[in-house]
Protein chains: 2
Amino acid sequence: MKWDALEEEPCSLARTVAVIGDRWSLLILRECFLRIRRFDDFQASLGITRHLLADRLKKLVRFGVLRKIPYQDAPKRYEYILTQKGLDLYPIIMSIVHWGNIHMVDSRGRPMLHQHKNCQKMFDPVMVCSECGEPLSAKEVHVHPGPGARKSSPVHARAQERGKRGVEQG
Amino acid sequence: MKWDALEEEPCSLARTVAVIGDRWSLLILRECFLRIRRFDDFQASLGITRHLLADRLKKLVRFGVLRKIPYQDAPKRYEYILTQKGLDLYPIIMSIVHWGNIHMVDSRGRPMLHQHKNCQKMFDPVMVCSECGEPLSAKEVHVHPGPGARKSSPVHARAQERGKRGVEQG
DNA sequence: ATTGACAGTTCTAAAATAGAACTTAATGTC
DNA sequence: GACATTAAGTTCTATTTTAGAACTGTCAAT
């Protein structure tokens with residue numbers, strides 16, 4: 001499968017993966033949220049090859065996640081900053097960090113702590129339902145085809161069938 | 001950079017990216033949450049090459065995200081199901097889907113809708129602070145080094161400095 | 001005139017991926 | 001018994017991506 005094909009799929013996850021679903025893009029975005037904005041700073045802090053960095057930055061700009069703004073004129077130099085679309089990736093970044101905090105830390109503990117300016121406390125992110133405010137888990141959610149869906153796949157129908165009489169998941 | 005190096009980094013995001021940060025792993029996990037469990041079903045619904053699928057499933061099992069359980073004996077056949085560690089990826093999946101819903105849908109609208117069994121309503125996921133319950137955004141969070149941190153990088157310090165007197169982000 | 005900062009581009013070698021065919025083990029059909 | 005089918009991989013070659021290092025072009029400072 002090609003990356004371009006991924007963008008076109010009738011699936012919001014696939015389309016997002018087309019933007020951020022590679023080894024480097026998420027790390028670049030982490031640096032963006034840590035206020036890194038310049039080519040050489042990204043390169044130095046990530047150890048990414050310059051070639052790939054140029055490529056990924058171009059892609060993130062193309063998708064409207066980052067924007068190039070000039071910070072000096074002679075020679076022309078640009079900074080890469082997050083657009084609103086890019087800032088909206090924050091829940092993704094935070095949920096990834098949180099999962100790592102819970103499941104991937106070593107004996108030394110968390111590399112980073114997060115403090116909420118609002119309440120001043122160290123916090124973890126919690127995902128809740130927009131309607132009732134209760135925390136969400138996979139088992140409490142039904143999935144329905146939306147207006148942008150394509151015809152349901154036979155594979156999924158078959159799996160659903162087996163699921164009903166099979167072993168319970170988890 | 002090698003994948004193995006990523007696992008060892010003192011960063012919860014990098015360590016999580018080592019597990020799920022490639023083109024296919026997230027799509028495979030999407031299928032898991034849609035109750036797909038068998039090799040050929042993953043292959044048919046994703047169009048992934050069998051070689052890569054075998055490789056990625058092995059990796060996800062190695063990281064404890066999936067578990068192989070036998071569903072028949074002769075010949076031995078296994079299903080891949082999510083462990084608790086895997087189920088805990090749900091907020092990541094949902095926030096990725098939500099971002100796609102907001103920023104990547106075409107004119108036809110969302111491919112999928114999510115209904116909360118609790119309140120019966122169609123919902124969007126919202127990320128809130130575990131302490132005060134308020135919705136989170138990047139600008140409302142301070143980052144501090146935790147017990148597992150390594151010495152702070154000069155690049156980040158420099159970027160912080162520039163940030164204070166530079167253009168505001170966003 | 002030389003050095004250094006910055007933001008890339010170019011080059012070759014190594015690694016990962018795509019796409020298709022093949023393997024193994026058992027089951028069902030003619 | 002011979003033959004096709006299902007399932008879960010493995011093997012093969014060709015193509016694409018990535019790594020790693022060196023190079024380019026502008027300008028400023030020494």
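A, B, ... follow the sequence lines: proteins, then strands. Residue 1 opens every chain. Because the structure is a prediction, the values reported are computed rather than measured.
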Scan residues 46-53 of chain A against DNA chain C and write down, sorted by residue number, each residue with any heavy atom closer than 4.0 Å; if none is found, say none.
A/Arg50, A/His51
A cation-pi test, strictly: NZ or CZ of B/Arg38 under 6.0 Å from the centre of the six-membered ring of B/Tyr71 and no more than 45 degrees from its axis. Yes or no?
yes
Distance check: side-chain N/O of B/Lys68 vs OP1/OP2 of D/dG9, anything under 4.0 Å?
yes
Given atom [atom1] of [X] and atom [atom2] of [N], what is their separation to the nearest angstrom?
| X | N | atom1 | atom2 | result |
| --- | --- | --- | --- | --- |
| A/Tyr71 | D/dC27 | OH | P | 14 Å |
| B/Leu57 | D/dA7 | CG | P | 16 Å |
| B/Asp40 | D/dT10 | CG | P | 13 Å |
| B/Asp55 | D/dT10 | CG | C1' | 12 Å |
| B/Glu79 | D/dG9 | CD | C1' | 16 Å |

Go through B/Leu66 and B/Cys32 one step at a time and tell me if the side-chain contact (heavy atoms from CB on, under 4.5 Å) criterion holds.
CA-CA 9 Å; B/Leu66 297 179; B/Cys32 291; 3.7 Å; yes
Is A/Val17 reachable from B/Met104 through a run of I, L, V, M, F, W or Y residues, each pair having side-chain heavy atoms under 4.5 Å apart?
yes
Could you state whether B/Leu87 and B/Leu26 fall into the same hydrophobic cluster, counting links through intermediate Ile, Leu, Val, Met, Phe, Trp or Tyr residues with side-chain heavy atoms under 4.5 angstrom apart?
yes
Is the closest basic N to carboxylate O distance between A/Arg35 and A/Asp41 below 4.0 Å?
no
Is any side-chain N of the basic residue among A/Arg158 and B/Asp40 closer than 4.0 Å to the acidic one's carboxylate O?
no
Assign each of B/Lys58 and A/Ala74 to its nearest nucleotide of DNA chain D by heavy atoms, then name whichever residue's nucleotide is nearer the 5' end.
B/Lys58
Close approaches to DNA chain D from residues 16-28 of chain B, in residue order (heavy atom, under 4.0 Å):
none
Where [X] and [Y] come nearest, the two heavy atoms and their spacing:
| X | Y | value |
| --- | --- | --- |
| A/Pro111 | B/Ala149 | O-CB, 3.3 Å |
| A/Gly148 | A/Pro10 | O-CB, 3.8 Å |
| B/Gln43 | B/Ile48 | NE2-O, 2.8 Å |
| B/Glu140 | B/Pro135 | OE1-O, 3.5 Å |

Nucleotides bounding contact with chain A, strand DNA chain C, heavy-atom threshold 4.0 Å
C/dC6 to C/dG19
Look at the side chain of A/Lys121 and the backbone N and O of B/Ser130, then say whether any donor-acceptor pair between them is shorter than 3.5 Å.
no
What nucleic acid atoms does A/Phe42 come within less than 4.0 Å of, heavy atoms only: base, sugar-phosphate, or nothing?
nothing
